Amino acid sequence: MLYGAIEAGGTKFVCAVSDENLDIKERVSIPTTVPEETMTAVFAFFDQHDVASIGVGSFGPIDVNKKSETYGYITSTPKLAWAHYNFLGALTERYDVPVAWTTDVNAAAYGELKKGAAVGKDSCLYITVGTGIGGGVVIDGKIINGYGHPEVGHILVRKHPEDTYGGACPYHGDCLEGVAAGPSLEQRHGIKGHELGAKHKAWDIEAYYLAQAIMSYTLILSPEMVVMGGGVMKQTQLFPLMRASFEKQMNGYVATPPLEDYIVPCGLGDNAGITGCLLLAIEEVN
Ligand SMILES: Nc1ncnc2c1ncn2[C@@H]1O[C@H](COP(=O)(O)OP(=O)(O)OP(=O)(O)O)[C@@H](O)[C@H]1O
Ligand SMILES: [Zn+2]
């Protein structure tokens with residue numbers, strides 16, 4: 001039996017087909033342009049494979065509310081060609097198989113829990129810090145959705161006392177994504193993130209914001225592990241800085257696992273999302 005997966009990202013779609021052991025038989029990467037073009041290539045891939053189910057992890061925001069008339073749609077994305085696109089509908093119209101539908105970051109969180117850094121845990125939060133900040137939440141082995149899906153990148157944070165930068169979020173200005181995603185580093189300091197030296201003050205400010213956010217997630221969700229990925233997290237000096245800042249800001253209020261085992265780099269790297277999508281596809285029919 002074969003299973004399909006689509007990790008639908010803002011820059012590229014990764015499609016893969018695997019067996020029940022996640023042994024990938026074929027995989028393609030398709031640029032994210034407009035739905036007509038990108039989906040034609042997606043269909044060309046899946047037309048060649050007889051899959052029992054498909055797992056989709058999509059960039060968002062998306063409608064994950066099964067009671068909603070627009071369940072399965074991408075909703076208010078700034079990628080205008082994809083706004084209000086009925087992604088799930090397009091797939092189920094073409095393929096008569098069950099389709100699991102969630103966000104790219106929820107899929108990555110699920111992948112990390114089952115096969116990555118959080119193996120053996122029942123809960124984890126996955127955060128990616130890249131062009132934007134997004135996150136997925138798994139509690140009790142289940143992806144958390146409510147009316148919609150969590151958007152952990154857009155929480156409000158207290159300003160770093162030395163930070164005069166206004167923030168880049170088009171919706172909220174200085175929300176977490178506005179002050180801590182990759183583009184904010186360049187806009188605040190005038191140098192791209194990967195060109196700032198590891199000892200630059202920028203990383204203290206970055207760690208302060210991320211630790212503050214992790215404190216909020218800890219207080220609200222109490223996950224067993226916080227797994228972090230995305231381009232900015234390639235700056236590994238951030239991990240000790242975040243842990244120290246977290247400890248200071250939390251000030252001993254709630255217990256967590258030892259911080260070296262709590263705030264950790266992702267285990268699957270770029271494969272977290274597609275792994276999660278495959279797992280969701282397999283579970284859809286087993
Ligand atoms: N090594 C690095 N150090 C610091 N910043 C980096 C590094 N690599 C990439 N970035 C920053 O991360 C951002 C790109 O994020 P990423 O590589 O995760 O890709 P992305 O898929 O575009 O992000 P997203 O998942 O948010 O859409 C850019 O702002 C870039 O400057
Ligand atoms: Zn925002």
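Just so you know, ligand 1 is whichever comes first in the structure, and atom 1 is the first atom listed for that ligand. All values derive from a computational prediction rather than experimental measurement.
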Exercise. Under 3.5 Å, is there a donor-acceptor pair between the Tyr95 and Asp50 side chains?
Worked result: no
For this session: Please state whether Lys192 comes within less than 4.0 angstrom of ligand 1, counting heavy atoms only.
Result: no
Exercise. Are any of the protein's heavy atoms under 4.0 angstrom from atom 20 (P) of ligand 1, yes or no?
Worked result: yes
For this session: Tell me, please: is Gly10 in heavy-atom contact with ligand 1, that is, under 4.0 Å?
Result: no
Exercise. Just to confirm, does any protein heavy atom lie below 4.0 Å from atom 4 (C) of ligand 1?
Worked result: yes
Problem set entry | ligand 1-proximal atoms of Ala181, by part, heavy-atom distance under 4.0 Å | neither
For this session: Measure from the side-chain N and O atoms of Asp163 to the backbone N and O of Lys159, and report whether any donor-acceptor pair falls under 3.5 Å.
Result: no
Exercise. Looking at ligand 1, does Gly9 have a heavy atom less than 4.0 Å from it?
Worked result: no
Problem set entry | Selection from Ala198, Gly231, Gly230 by shortest heavy-atom distance to atom 10 (N) of ligand 1 | Gly231
For this session: Mind checking whether His194 contacts ligand 1 via backbone (N, CA, C, O), side chain (CB onward), both or neither, at a 4.0 Å heavy-atom cut-off?
Result: both
For this session: Please state whether the rings of Tyr85 and Trp82 are parallel, tilted or perpendicular, taking 30° and 60° as the class boundaries.
Result: perpendicular
Exercise. Do any N/O atoms on Trp203 end up under 3.5 angstrom from N/O atoms on ligand 1?
Worked result: no
